[in-house]
Amino acid sequence: MPYNIIATAEADHGHQARRAFCQTLASVPHLPKVILPTGSSPAPFYQSLRDHPSIPSFSYLQLDEYLGLDVRDKRLFSKWLDRDVLNPLNIQNRMIFNSAANPDDEVRRILAWYKQHGAADMAVIGIGLNGHIGFNEPGSSFDSRARVVTLTPETIAANQSYWNGGKVPTRAITLGIADLKEVEHTILLVRGAAKAEILYRALHGPVTPEVPASYLQQQRNLIIVADRPALAMMP
Ligand code: F6R
């Protein structure tokens with residue numbers, strides 16, 4: 001599938017991501033259902049949204065969440081999104097995962113929700129150094145749906161900086177690659193030289209569950225907003 005690359009300067013990345021996001025929101029004829037990620041990749045994008053909060057409204061759908069935390073724990077991804085985007089933009093409709101619920105019951109609830117409401121209209125995603133998307137680690141089937149996953153040591157190490165020396169949970173709930181494939185519009189945010197190799201492999205290497213992000217090669221309506229260091233290996 002052809003995709004659209006928006007190459008940005010570091011300083012302009014958030015602004016360009018917001019433009020692509022707002023244009024896509026405006027193209028959806030109903031209240032868009034939007035998946036948003038946490039992590040460092042979307043930070044400038046969220047900053048730009050906070051700087052210009054008057055944008056079309058949307059419903060937020062959670063992408064992934066640690067398991068086993070109290071629902072008030074500030075380290076929950078849902079709280080992160082609340083602080084960075086949803087509260088500043090006054091987004092009221094939120095489909096979030098309950099970290100403290102029985103994991104199997106929670107997965108059943110999420111699957112039932114998607115059966116009733118259908119796929120998201122848009123997914124904004126980041127890519128992990130190992131090619132993961134959400135918490136779909138290497139080896140995740142492209143047919144996978146929302147489920148409980150065990151995090152790889154690499155992902156635990158990558159997330160350690162958000163835990164102030166505390167122990168990063170080892171289990172999480174994530175939407176699956178099949179959930180992401182059903183989305184009409186996808187915006188991939190990529191920043192920094194460290195992501196150059198995995199971005200290249202995801203878009204130009206074999207399409208394989210060993211690189212979960214390689215599903216993007218077959219994805220319709222894909223926009224990649226990437227700074228120049230992240231694009232260094234792209235043809
Ligand atoms: C977070 C998520 C992860 C990140 C990925 C990149 O909700 O789904 O897949 O998008 O790990 O993380 P950063 O942006 O911190 O490099």
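For ligands, and for the atoms within them, numbers begin at 1 and follow the listed sequence. Bear in mind that the values here come from a model prediction, so they are computed numbers and not experimental data.
There is no side-chain donor-acceptor pair under 3.5 Å between Asn159 and Trp163. With hydrogens and angles left out, the side-chain atoms of Asn102 and Arg109 include no donor and acceptor closer than 3.5 Å. Remark: the Ser140 side chain and the Arg147 side chain contain an N/O donor-acceptor pair separated by less than 3.5 Å. Side-chain N/O atoms of Gln47 and Arg50 include a donor and acceptor closer than 3.5 Å. Side-chain contact annotation: His30 with Asp121, donor-acceptor N/O pair under 3.5 Å present.
Taking distance alone, with nitrogen or oxygen atoms compared against 3.5 Å, Phe77 stays at or beyond that limit from ligand 1.
Atom numbering of ligand 1 starts at 1 in the shown order; those under 4.0 Å from a heavy atom of Gly134 are 3 (C), 8 (O), 9 (O). Ligand-side atoms of ligand 1 in range of Tyr162: 15 (O), range being under 4.0 angstrom from any heavy atom. For ligand 1, the atoms closer than 4.0 angstrom to any heavy atom of Ser41 are 13 (P), 14 (O), 16 (O). Contact atoms of ligand 1 toward Leu63: 8 (O) (distance under 4.0 Å to a heavy atom of the residue). For ligand 1 and Ser40, the ligand atoms under 4.0 Å from any heavy atom of the residue are 13 (P), 14 (O), 15 (O), 16 (O). Atom numbering of ligand 1 starts at 1 in the shown order; those under 4.0 Å from a heavy atom of Gly126 are 10 (O). Close contacts of ligand 1 with Gly39, meaning ligand atoms under 4.0 Å from a residue heavy atom, involve 14 (O), 15 (O).
At a 4.0 Å cut-off, not a single heavy atom of Trp80 sits close enough to ligand 1 to count as contact. Between Lys195 and ligand 1 there is a heavy-atom distance shorter than 4.0 Å.
From the protein, the heavy atom lying nearest to atom 1 (C) of ligand 1 is Thr38 OG1, 3.1 Å. Residue, atom and distance of the protein heavy atom nearest to atom 11 (O) of ligand 1 are His132 NE2, 2.6 Å.
Below 30°, between 30° and 60°, or above 60°: for His117 and Trp113 the angle between ring planes is below 30°, a parallel geometry. Ring-plane geometry between Phe21 and Phe58 is classed as perpendicular, the angle between the planes exceeding 60 degrees on a 0 to 90 degree scale with a lower cut at 30. Tyr66 and Phe135 have tilted rings, their planes meeting at an angle from 30° to 60° on a 0 to 90° scale.
With a 4.0 Å cut-off on non-hydrogen atoms, Asp64 touches ligand 1 through its side chain and not its backbone. Residue contacts with ligand 1 for Ile127 involve N, CA, C or O but no side-chain atom from C-beta outward (heavy atoms, distance under 4.0 Å).
For Arg201, the CZ atom is loosely surrounded, since the number of other residues' heavy atoms within 6.0 Å does not exceed 12.
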